[in-house]
Amino acid sequence: MPTTQPIHISVMTGKLDGLRAISTNTRTNAYCIKQNASGDADNICTKCYSHTMLSSYRKNMQPALQRNSDALSARMLGAHEIPRILDAVFRFDAHGELINDTHLANLCAISERNPRTSFALWTKRNDIVSKFFRTTPKPVNLILIYSNPKISSIMRRPPRYFDRTFNNVLEHEFVDRQNCTGQKCADCLLCYTPGNGVTTIVEKVKKY
């Protein structure tokens, strides 16, 4: 039986300092490429931090993230390939986006294999999520956060199967509602804590 672990786990920096993540390659994701090049000023994907980082000062991350893209989207991982994770909280796709339903199924398998960890996945791919969870139970330790693509328009009610929405606004907008600004995720954990009653996350648009 192979012992090589195909999944790369990243140690995060910046706002995500103190957390680890399983991410994929934004630069080869067809959905990300299309959205980033859309030219729509109201689309947060046109201001994507991941595209900026992976094409410049974090370019050396691409090979590892591409291996994740390939491993997670091509087939279901074998039991021996699913990483054992001991973290209290863990991020899925700090870079990248859901590629297909196999990708989502593998993230669910990782969540189920590690029941003591609270996993959080940010995604805009409601099409993949809604189709998949119609026939597959969602892991109880997986928090799904709908990443609202439209800037300056707060989405309060999460789509079906999602637990929260994540919204980007301009710095001067909805200042009293910005509950994800000026702090590290590991010090806050608002997004990663299940059952806290918070369904709407609002952050000011970052400049890169």
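These figures come from a predicted structure and were not determined experimentally.
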Pair Q66-T28, side-chain donor/acceptor within less than 3.5 Å: yes
Set of residues satisfying ring pair (Phe, Tyr, Trp, His ring centres under 6.0 Å) with respect to F92, sequence neighbours excluded: F119
Presence of salt bridge, K138 and D163, under 4.0 angstrom: yes
Residues Q35 and N43: side-chain donor-acceptor under 3.5 angstrom: yes
Contact summary for A79 and R113, nearest pair of heavy atoms: O-NH1, 3.0 Å
Residues clustering with V11 (ILVMFWY side chains joined when closer than 4.5 Å, directly or via others): none
Aromatic ring pairing W122/F166, orientation class (parallel under 30°, perpendicular over 60°, tilted between): perpendicular
Pair N148-R156, side-chain donor/acceptor within less than 3.5 Å: no
NZ/NE/NH1/NH2 to OD/OE distance under 4.0 Å, D17 and K184: yes
Shortest non-hydrogen separation from A41 to K47 and the atoms involved: O-NZ, 3.1 Å
Main-chain N/O of V198 paired with R164 side-chain donor or acceptor, under 3.5 Å: yes
Salt bridge (charged side-chain N to carboxylate O under 4.0 Å, His left out) partners for E112, two or more places apart: none
Exercise: do D40 and T46 side chains pair donor with acceptor under 3.5 Å: no
From OG1 (T52) to CG (N36), nearest 0.5 Å: 7.5 Å
I7 to E81 - nearest heavy-atom pair and separation: CG1-O, 4.2 Å
Between H95 and S50, a side-chain donor and acceptor under 3.5 Å: yes
Closest non-hydrogen atom pair between N29 and L98, with its separation: ND2-O, 3.7 Å
Which atom of A71 lies closest to which atom of L77, heavy atoms considered: O-CD2, 3.9 Å
From CD1 (I22) to CD1 (I9), nearest 0.5 Å: 5.0 Å
Pair E203 + R177: basic N to acidic O under 4.0 Å: no
Exercise: identify the closest heavy-atom pair between Q178 and V169: NE2-CG2, 3.8 Å
Donor-acceptor side-chain pairing of N25 and Q62 below 3.5 angstrom: yes
